[in-house]
Amino acid sequence: MPTMTKLMVSPHIHSGRSTAGIMRDVLIALLPATVAGVVLFGWQALLPIAVCVACCVGFEAIFNLIVKQEQTVGDLSAAVTGLLLALNLPANIPLWQCVIGSLFAIIIVKCLFGGIGSNLVNPAITARVFMLVAFNSMAVSAFPVDVTAGATPLAAEQMPDLLTLFLGRHGGSIGETCTAALLLGGIYLLARRVITWHIPVVFIGTVFAFSFCTTGFDALAALSLTMAGGVFIGAIFMATDYVTSPSTAWGKVIFGLGAGLLTCLIRYYGVYPEGVSFAILLMNILTPFINRWTRRKVFAAQGGKA
Amino acid sequence: MAFYLRGIHVPHRKSTVKQETVRMTPPQTVIIPMAMHIGAPAVPAVGVGDTVKVGTKIGEACGKISSNIYASVSGKVTKLADYLLADGSVTTAVEIESDGEMSVAETVCPPTVNSREELLAALAASGIVGLGGAGFPTHVKLDVDPARIEYLIINGAECEPYITSDTVTMLTRGDDMAYALQTLCRCMGIGKVIIGIENNKKEAIGVMREMAASLADTASVSVKTLPSVYPQGGEKVLVYHTTGRKIAVGKLPIDVGCVVLNCTTLAAIGAYLRTGMPLVEKCVTVDGGAVKHPQNVLVPIGTPLDALFAFCGGLTAQPAKIIYGGPMMGLTVPNENCSVLKNTNGVLALTEKEAKLPKTTACIQCGSCVNTCPFGLAPVSIAEAYEKKDAEALRALSVMSCMECGCCSFVCPANRPLVQINKLSKQFLRDEAKKEGN
């Protein structure tokens, strides 16, 4: 008999799921949208992607070195933030703005609040909003690529047809236009059980339903409005961020509903053509409250016969 | 009932069910601790130098909740020494050097059981305790007003990975179980019996269905197939899934009209009623990557673990952990002097690779713990409240409901010690209640 073995509390086995594994799955799920972005907007689109990913990972590594804490870039969450941020920017964005945006996302929004898991709002979303307000980044003019326009079709006079919208051959951020690629990524995340259907389906469904009403019950027009902006990338990848979205099924439904409604309200009554980022940001702030309202019912807290 | 409680899919690793169960050659010495049950430890009834036979009483039950303990080999008592239990407490153990004869004590004879009183007396004399793991003395559990018992539920849900000793019991000891059920139903006036088994044990379900059919004259005995989702064998989970009744925090199955017995406990009752041989032997699953020949072994209680491993071909690698019971809720063995106890259903020697747990990292609020808890608890919120030592919040989060099944820790991608925190939170609330009481 061996003299000493480990004395430890149960359980003694683990599912093998890890934060890095989940983040790797998110990166894989973002691959179709990334490839689509490069195909649609040209090689030029690779630059902001590379800069954002490198900066986000780099800033987190440097922050950890400065405050002398364990290195966390291995969990890949900084890479996810960088990629998400880039996919939400136009392909011709000045690269210095990407650097500032990454700095804001990682240092201000994430690290200063305690790093992964402790941030109150989604770093990529918040940085995008910051850049929108600070540099007016999203209003960059059309750039010489083989697509209709640089700005979102939500701001344009003429809405492209449905197939164009589905394939992403229209203006917008690098990763938000190709609905097909985003859906593919979403299906992958569902299959890998990284996310559940609640937030994406309710979010997208709410935007569609609202648009259906405001377009005088025109299903095709409503579908165009749903696919034209950042709803899909937001609903599938940004609103499902674990840290800043509710845990329970009902919480997720409320979150999706709120984000969808706010998106539409901003689109119709706000000064910006698109409201997805603001909507998710606002719902991020409400998440702790939603979590408290939607706690699961504890089994037999009272008891007695069923 | 409408819904099954949530849980998780664990790796089964139950290959030992296909191996033949073998009876171990008696070890040279057995070390039998006096605390192998919930309640007061037994008092040693023998001294150094005494000669004992298989079935000689060596420990006398002490107080209402306690249990007798019997010699599992014949031979001479060589030592009464301190023994460190897996929970960290220390008790006395009787060490017996075997004479290799395995001669049976003259006192062993089948009891006459025709009434409830005789049954309870026989169970008290049998030394039988809950063999599923809890070790609650069976005669105490059954000492309730028979009118309150609507259902007798037999726990055949062996949901822990690796462990197959209960399944083997169901496959091979249906006769003992049937005999026990007949007597229990007759003496306690029990009308309904439900045997709960998960659907990954098809063969056991078949055997139990046959047994149930043979008891049609005695009582309404049925077999309920359960999903093979961990933790089906948890008492409250089993009662809910078989009867739809919910047992509240701090309540017992009898409070909702149920008595739950593990299938191996039932077989032990049958064996005692038929032969009069008290509980001296246990079917133990010996498994894990470090064991050369994983199998189910019938071993004398008190067999030192090294002798048990030696019987199974020895250890092929230095185990990282040795565990009593399954890997989800089992306790690690504290030192090399430990032996097989009454409530030991398995002993696992896990290799470094099997026992390796991922590094603990920051919580990413993924909600996996919340969404897998069978009882709807929120381990992530409990951990936050415990960090602040917020007793009020912990009470509001019903942490006392936690059965420590381990689902939350198992699924946590950050490998947070959630079960440990729940255990600490429960102890913290008990301490707070004590403080407030004073």
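Protein chains get the first letters and strands the later ones, always in sequence-line order, with residue 1 at the start of each.
- No other option in A/Ser118, A/Ser247, A/Ala20 has as many heavy-atom pairs under 4.5 Å with chain B as A/Ser247.
- For chain A, the nearby parts of B/Val370 are the backbone and the side chain; heavy atoms of each come within less than 4.5 Å.
- Interface check for chain A: of the options B/Gly367, B/Ala355, B/Ala414, B/Cys412, the most heavy-atom pairs under 4.5 Å are formed by B/Cys412.
- When all heavy atoms are compared, the tightest approach of B/Ser401 to A/Val298 is OG-CG1, 3.8 Å.
- Contacts between B/Glu352 and chain A at a heavy-atom distance below 4.5 Å involve the side chain alone, from C-beta outward.
- For B/Ile8, no part lies near chain A; criterion is any non-hydrogen pair under 4.5 Å.
- The line from CG of A/Asn291 to CD of B/Gln365 is 7.5 Å long, rounded to the nearest 0.5 Å.
- Within the 4.5 Å cutoff, side-chain heavy atoms of A/Arg295 are placed close to those of B/Leu397.
- Here the options are B/Pro327, B/Cys407, B/Ser409, the test is side chain to side chain contact (heavy atoms under 4.5 Å, CB included), and the partner is A/Pro11; only B/Ser409 passes.
- Heavy atoms from other residues, nucleotides or ligands lying under 6.0 Å from CD of B/Gln427 number more than 12.
- No other option in A/Arg17, A/His14, A/Arg193 has as many heavy-atom pairs under 4.5 Å with chain B as A/His14.
- Using a 4.5 Å heavy-atom cutoff, the side chains of A/Ile13 and B/Pro161 are in contact.
- No more than 12 heavy-atom neighbours from other residues, nucleotides or ligands sit within 6.0 angstrom of CD on A/Glu70.
- Only the side chain of A/Ile22 comes within contact range of chain B, with heavy atoms under 4.5 Å apart.
- Across B/Thr361, B/Val380, B/Leu377, B/Asn415, the residue that shares the most heavy-atom pairs under 4.5 angstrom with chain A is B/Asn415.
- Within the 4.5 angstrom heavy-atom criterion, atoms from both the backbone and the side chain of B/Cys366 approach chain A.
- Counting heavy-atom pairs closer than 4.5 Å to chain A, the top-ranked of the candidates B/Leu331, B/Val419, B/Ile323 is B/Ile323.
- When heavy atoms are compared at a cutoff of 4.5 Å, B/Ile364 approaches chain A by way of both its backbone and its side chain.
- Atoms NE2 and CG, on A/His12 and B/Leu357 in that order, are 9.0 Å from each other to the nearest 0.5 Å.
- Taken to the nearest 0.5 Å, the OG atom of A/Ser10 stands 4.0 Å off from the NZ atom of B/Lys423.
- Put simply, of B/Pro417, B/Ala378, B/Cys373, the one with the most heavy-atom pairs under 4.5 Å next to chain A is B/Cys373.
- Both the backbone and the side chain of A/Val243 come within less than 4.5 Å of a heavy atom of chain B.
- When the ring pair (Phe, Tyr, Trp, His ring centres under 6.0 Å) test is applied to B/Phe311, no partner is found at least two apart in sequence or on another chain.
- The number of heavy-atom neighbours closer than 6.0 Å to CZ of A/Arg296, taken from other residues, nucleotides and ligands shown, is above 12.
- When all heavy atoms of B/Ile247 and A/Ala300 are compared, the closest pair comes out as O-CB, 3.4 Å.
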